Amino acid sequence: MRNLLATSHRLVDSVDVSIHRYLYDLINWDDRLIMIKGARGVGKTTMLLQHIKETFGHSEKALYASCDNLWFTDNRLVDLVDYHYKHGGTHLYLDEIHLYEGNWQRELKNIYDSYPDYHIAFTGSSIIHLDIALADLSRRCLPYQLYGLSFREFLRFKDIANLPAFSLDEILDESHCKEWQIIETLTVKVLAAFEEYIGKGYYPFFLSQSGGEYHGRIDRLLDASIMRDIPMAEPVEYETLLKLRKLLFVMSSEVPFTLNVQSLCQKIQVSRNTIVRMLDLLDKGAVLRCLHSGWRSPKSVAKPDKVLFDNTDIMSALSSRNEIGTIRETFVASMLAPFHTLYYPQVGDLLIDEKYLLEIGGKTKTFKQIADLPNSYVVADEEETGFGNRIPMWMFGFLY
């Protein structure tokens, strides 16, 4: 127990609190049971440690513990809480809960019911596993999801600018006043900074690693998601896991990639139903983003109408032959996903919240395909400013 306490103090003392992720101020830290899920590497651990440092300082009322700590080999969560509570503890922050070998859902429920003035916040990178567990904790737990860095946050992490986020309505506003506000504030050219961000700035660890090391770490994160997280959530044969990795390679090497389930079946050598299930698992694991043309029941698994990678940095890590049109659509979708619902429309590239229609392209993109359609916009790359219903693509990086 002393080693666990010492590790907590050491990590809290060393964390940098100068920059917060967008989710930090959206969390109601006073709730008694908080779930923070998100892909590996997006900054969940740092956020926990920052909150402890800024709220409790050196007080032993708060304790941080990673669930892969060897202490949990012979001890349970309830043992930790009982000890901490009896010694004046009030708040426990558990990292990577999915690595705990016991039935953590049941233990958290028991702790919640047995210690009415005790608070727990926990994180997990196995998003599929946590989503399944949430059903057991739904009446007690408040869930949040942390996504990777937006373009706005990238500028803050690079110490280029500290700017606010804007709503989708503000970004689509025909006056374009927000983009001018940003451009006039920046000390660098916005398109140059945006080019640096795409493919190399979604994960906060970009600051500590060079290009090759950065993409290599993403590749390892993908392997962990496939080989560790998916089997935790449901039984999957090892051979199928290997084919999931092969599926990603095929998708990243085809330029441009067009979803053809029959072709994928032949290349991966699996059935149609297996391909559809693979795509669904990778979507839930924040590796791919599956878009449907209409509403789907959460329990249904239907063939998606379009498949993108979750973010442009995964694309860059998997292949150097990325098609620019797919990069553009992937970026816009990744910036919209945290707070909006995305669909694949019959006309155009993205339908947002069943209201806004986006046609995404370069500086030569016109309104031809979406002419006369209500609430339709052209999202144009390589343009610093827009006019009317033509929005510069980089502006979507200010949604959070």
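If you're wondering where the values come from, they're calculated on a predicted model, not measured in any experiment.
Of the N and O atoms on the side chains of Lys44 and Ser125, at least one donor lies less than 3.5 Å from an acceptor on the other residue.
Contacts of Tyr356 classified as ring pair (Phe, Tyr, Trp, His ring centres under 6.0 Å), with partners at least two apart in sequence or in another chain: none. Listed by chain and residue number, Glu196 satisfy the salt bridge (Lys or Arg N to Asp or Glu O under 4.0 Å) test with Lys158 (two or more places apart in sequence, or in another chain). Listed by chain and number, the residues in a salt bridge (Lys or Arg N to Asp or Glu O under 4.0 Å) with Glu184 amount to none (sequence neighbours excluded). By the side-chain contact (heavy atoms from CB on, under 4.5 Å) test, Lys189 is found to be paired with Ala192, Glu384, residues two or more places apart in sequence or in another chain being considered. Under the rule for a side-chain contact (heavy atoms from CB on, under 4.5 Å), the partners of Cys290 that lie at least two apart in sequence or sit in another chain are Leu279, Asp283, Pro304, Val307.
Close placement of the Phe331 and Phe194 rings is indicated, their centers lying within 6.0 Å of each other. Between Tyr112 and Tyr118, the gap from one ring centroid to the other reaches at least 6.0 Å. The distance between the ring centers of Tyr93 and His51 falls below 6.0 angstrom. Note: Tyr197 and Trp394 fail the aromatic proximity criterion, with ring centroids not under 6.0 Å apart. Taking the ring centroids of Tyr343 and His292, they lie at or beyond the 6.0 Å cut-off.
Using a cut-off of 4.0 Å between Lys/Arg side-chain N and Asp/Glu carboxylate O, Asp131 and Lys37 are scored as salt-bridged. For Asp229 and Arg40, the salt-bridge test passes: some basic side-chain N is under 4.0 Å from an acidic carboxylate O. For the pair Asp280 and Arg277, the salt-bridge criterion is met [side-chain N within less than 4.0 Å of a carboxylate O]. Ion pairing between Lys243 and Glu239 holds under the 4.0 Å rule for side-chain N and carboxylate O.
Geometric assessment of Arg289 against the ring of Phe309 yields a negative cation-pi assignment under the 6.0 Å and 45° thresholds.
Under the 30°/60° scheme for interplanar angles, the aromatic rings of Tyr214 and Phe205 are found to be tilted.
When atom types are taken as modelled, the side chain of Ser263 and the backbone of Asn260 share no donor-acceptor pair closer than 3.5 angstrom.
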Distance-only check: which donor-acceptor pairs under 3.5 Å involve side-chain atoms of residues 218-227, not counting sequence neighbours?
unit_1	atom_1	unit_2	atom_2	d
Asp219	OD1	Arg245	NH2	2.4
Asp219	OD2	Arg245	NH2	3.2
Arg220	NH1	Gly216	O	3.4
Asp223	OD1	Arg245	NE	2.7
Ser225	OG	Leu221	O	3.1

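For the atom pair OG1 of Thr7 and CZ of Arg2, the computed distance is 14.0 Å after rounding to the nearest 0.5 Å. Atom CZ of residue Arg390 and atom NZ of residue Lys365 lie 9.5 Å apart, to the nearest 0.5 angstrom.
Within 6.0 Å of atom CD in Glu195, 12 or fewer heavy atoms from other residues, nucleotides or ligands are found, so the atom counts as exposed in its surroundings. Heavy atoms of other residues, nucleotides or ligands lying less than 6.0 angstrom from CD of Glu107 number more than 12. With a 6.0 Å radius and a threshold of 12 heavy atoms from other residues, nucleotides or ligands, Leu70 has its CG atom at or below the threshold.
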Stepwise, does the side-chain contact (heavy atoms from CB on, under 4.5 Å) test hold for Leu94 with Tyr64?
-> CA-CA 6 Å; Leu94 296 168; Tyr64 166 87; over 6 Å; no
